[in-house]
Amino acid sequence: MGKKRVMVPAKELELSTVKYEKETIQAPHLMGSILKLFVRIIEIPIIGSLIISFMKKENNMVEMLQNTEIPEKPMFKPEFPPQEAEPSVVIVDEEGEPTDRVQSALKCLPHYDPASCWSGDTLPSFRYWKIRDFAYAYRSKLVTPSKIAEQIITLVEGCKYHKAPTPLLISFDAEDIRKQAAASTQRFKEGNPLSILDGIFMAIKDDIDCYPHPTKGASTWMHEVRSVEKDAVSVSRLRSCGVIFIGKANMHEFGMGTTGNNPNYGTTRNPCAHERYTGGSSSGPAAIVASGLCSAALGTDGGGSIRIPSSLCGVVGLKTTYGRTNMGGSLCGSGTVEIAGPIASTVEDVILVYAAILGSSPEDRISLKPSPPCLPILSSLENVNILGSLQLGKYTEWFNDVHSTDISDVCEDVLNLLSKSHGCKTIEIVIPELHEMRIAHLVSIGSESLCSLNPDIEDGKGVKLNCDTRTCMALFRTFTASDYVAAQCLRRRIMHHHMEIFKKVDVIVTPTTGMTAPKIPPGALENGESNMQVSGYLMRFILAANLLGLPAITVPVRKRKCQE
């Protein structure tokens, strides 16, 4: 029996006693036939339970969940105190038309200069165009959505012939793209585009419904037990703005991984370095944007699944506030940590897509009582200068706990630039109980994922899962009801710590990931890979936003030219 540990109430915790402890994950790195053998062993009822129990003890999970008295009451969904009104923002109507919100967002953006994209009489390649570049080209009759569609179809179909195949999409229908593009082209011909997003091409992650495509979660069987009758709410809102969907983007199976590895359909390669992972689980959406095929894509994020691949591929990814977007029509819509959000090449494009998809579900509006959604006003220099009043919170020991100091150094350079150019102040903070936060998130997302998939697994579909997914499910099955409640008690405790921090600072700044894009081991392509050390680095700075429902964004700080 382990010795009982008693935590002091969060309100009484002395920050001076908090010491940063580097994360060490005790788990083997497995791939290929060794991974397949490991999965078979841990799925043996008694033997597997003993192995996983040993690994949980080695990672201090048992001590935290079963031998610790946590004084706080459970928080089963993120609960925020009332928020003060923010300066230099515009409030938008989440119950209004998506086209109206997008128009409001457009007015918030800086002036658009066509010369930034066009410098002569010849039409440049559409690759890496931003949303307003497309809109200008369409309205100036330089090109039509139908012509762009043909180029995209050619490029997508050509991906399979690359020396290293790059499976960006799981579901792709060229004729459906042509049909959508023809309708958009006709609207421009008649002078009636629906919004600035009309004719904009986007990919949708394969755990979000986009009719008529099936939703598989990048598995081989989900479409057999779950049919798609209509668009997800977020997709429907984008479609009402004229967005053209090119298909369902690749992902880590059921979102249970951080690399994007997928033996079912092939592993998406990083457009900036084909021998490296994109990150996951929204691997396809991030790679499609980074490769310049689409200005934006839609992903989901339950544990960094938008921000990790966006960071590794050098694009912008927004994890929205929990409940801010309606998750109806997605595979992960019933959890307490997941959201749907945009990935795009610029912050401006993220704002435009976010404006279209935002809007809580009726249930969340009742239970969460969210503050009215707002958008930043970037259209005037006076409002941009408000950056100077921002207080940036930095936990230095955590900030510097990275695989390579190149990461922390370049992020530190950005903070210095913000200070020098805009007058932002960086304030040292301490974030207690980071290890407890990681455990609380793992138990929460793991238990909720198991609850969602278990009926089909018990019906015989479990053996069709990838090896790394089966490894995750074996771990999740060992979580008890008391473990889940303990995790929710920790959630309330950690929320208190963060709300105290936000009384002193406006933003917590960190690198997005603790390492750059890891190389793809050749032996991991056929049967997958389980590498908890890599996952630990990739998720190091990620989890507070998911567990606590806070908004978070990743922006690239060093540009690299991606490979064609």
Side-chain angles (χ1 to χ4, degrees), residues 1-13 17-28 42-43 45-79 256 258 302-304 334-338 431-454 470-498 530 532-533 535-536 539-540 542-549:
M1 295 291 291
K3 185 178 180 182
K4 179 180 176 181
R5 173 192 175 199
V6 180
M7 302 180 85
V8 300
K11 294 180 181 180
E12 299 175 14
L13 182 66
T17 65
V18 174
K19 294 183 179 180
Y20 181 75
E21 296 181 6
K22 291 196 173 187
E23 180 184 16
T24 55
I25 298 177
Q26 304 295 330
I42 62 172
E43 289 181 340
I46 297 176
I47 297 174
S49 296
L50 290 173
I51 292 172
I52 293 177
S53 178
F54 172 77
M55 293 175 65
K56 288 168 68 175
K57 288 180 180 178
E58 286 291 290
N59 289 280
N60 299 318
M61 293 184 66
V62 174
E63 177 193 12
M64 187 67 254
L65 295 169
Q66 299 176 13
N67 300 339
T68 300
E69 183 179 305
I70 307 167
E72 283 71 28
K73 295 180 180 180
M75 178 189 291
F76 292 102
K77 276 189 174 183
E79 300 171 8
M256 293 191 198
T258 58
S334 59
T336 66
V337 297
E338 295 94 345
I431 305 178
E433 300 171 354
L434 291 171
H435 176 65
E436 287 81 353
M437 179 172 67
R438 286 188 284 267
I439 291 177
H441 173 267
L442 176 61
V443 173
S444 298
I445 194 171
S447 300
E448 291 162 11
S449 298
L450 180 66
C451 182
S452 175
L453 292 173
N454 206 49
R470 290 166 69 176
T471 301
C472 290
M473 298 306 287
L475 170 62
F476 299 162
R477 274 192 287 270
T478 68
F479 295 149
T480 65
S482 62
D483 290 341
Y484 187 77
V485 173
Q488 309 321 303
C489 294
L490 289 173
R491 193 198 305 241
R492 184 176 297 279
R493 182 180 181 88
I494 294 161
M495 179 70 86
H496 171 80
H497 296 324
H498 280 73
S530 178
M532 292 297 104
Q533 286 76 24
S535 292
M539 299 178 76
R540 176 141 303 161
I542 289 293
L543 300 179
N546 295 106
L547 182 67
L548 307 181

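- Judged as a side chain to side chain donor-acceptor pair (under 3.5 Å), the pairs with a partner in residues 50-62 (not counting sequence neighbours) are, in order, Lys56-Thr478.
- To the nearest 0.5 Å, atom OG of residue Ser535 and atom CZ of residue Arg540 are 11.5 Å apart.
- For the pair Leu547/Ile494, a side-chain contact is recorded, criterion being any heavy-atom separation below 4.5 Å from C-beta on.
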Could you go through Leu490 and Met437, starting from their C-alpha distance and side-chain angles, then the distance that decides it, and tell me whether this counts as side chain to side chain contact (heavy atoms under 4.5 Å, CB included)? CA-CA 7 Å; Leu490 289 173; Met437 179 172 67; over 6 Å; no
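- Among pairs with a residue in residues 437-454, those fulfilling salt bridge (charged side-chain N to carboxylate O under 4.0 Å, His left out) read Glu23-Arg438, at least two apart in sequence or across chains.
- Listed by chain and number, the residues in a salt bridge (Lys or Arg N to Asp or Glu O under 4.0 Å) with Glu63 amount to none (sequence neighbours excluded).
- Test Arg492, Arg493, His496 against Glu72 for side-chain hydrogen bond (donor to acceptor under 3.5 Å, both in side chains) and you get one pass: Arg493.
- Side-chain contact between Met55 and Leu475: absent, with no pair of heavy atoms (C-beta onward) separated by less than 4.5 Å.
- Distance CD/Glu43 to OG1/Thr471: 8.0 Å, rounded to 0.5 Å.
- Smallest separation of non-hydrogen atoms from Phe479 and Val443: CE1-CA, 3.8 Å.
- With Arg5 contributing its side chain and Met64 its backbone, the two residues share no donor-acceptor pair below 3.5 Å.
- At least one side-chain heavy atom of Ile431 sits less than 4.5 Å from a side-chain heavy atom of His498.
- With respect to the salt-bridge test (charged N to carboxylate O, under 4.0 angstrom), the residues Glu79 and Lys73 do not qualify.
- Rounding to the nearest 0.5 angstrom, the gap separating the CD1 atom in Ile51 from the CD1 atom in Ile42 is 7.5 Å.
- Taking a 6.0 Å sphere around CG of Leu50, one finds it holds more than 12 heavy atoms contributed by other residues, nucleotides or ligands.
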Please assess His497 against Glu433 for the test side chain to side chain donor-acceptor pair (under 3.5 Å), listing each intermediate value before the final yes or no. CA-CA 9 Å; His497 296 324; Glu433 300 171 354; 3.1 Å; yes
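- The heavy-atom pair separating Pro78 from Thr336 by the smallest distance is CD-O, 3.9 Å.
- Using modelled atom types, no side-chain atom of His441 and backbone atom of Leu548 make a donor-acceptor pair closer than 3.5 Å.
- When all heavy atoms of Glu69 and Pro71 are compared, the pair lying nearest together is O-CD, 3.7 Å.
- Atom-to-atom distance recorded for Met7:CE and Ile70:CD1 is 6.0 Å, nearest 0.5 angstrom.
- Looking at heavy atoms from C-beta onward, Arg491 lies in side-chain contact with Val337 at the 4.5 angstrom threshold.
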Taking it one step at a time, do Thr68 and Glu436 satisfy side chain to side chain contact (heavy atoms under 4.5 Å, CB included)? CA-CA 11 Å; Thr68 300; Glu436 287 81 353; over 6 Å; no
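- Within the model, atoms OG of Ser530 and CZ of Arg470 stand 13.0 Å from one another, a figure rounded to the nearest 0.5 Å.
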For Asn546 and Ile445: C-alpha separation, side-chain torsions, deciding distance, then whether side chain to side chain contact (heavy atoms under 4.5 Å, CB included) applies. CA-CA 9 Å; Asn546 295 106; Ile445 194 171; over 6 Å; no
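- For the atom pair CE of Met532 and CE of Met539, the computed distance is 9.0 Å after rounding to the nearest 0.5 Å.
- A side-chain donor from one of Gln488 and Ser444 sits under 3.5 Å from a side-chain acceptor of the other.
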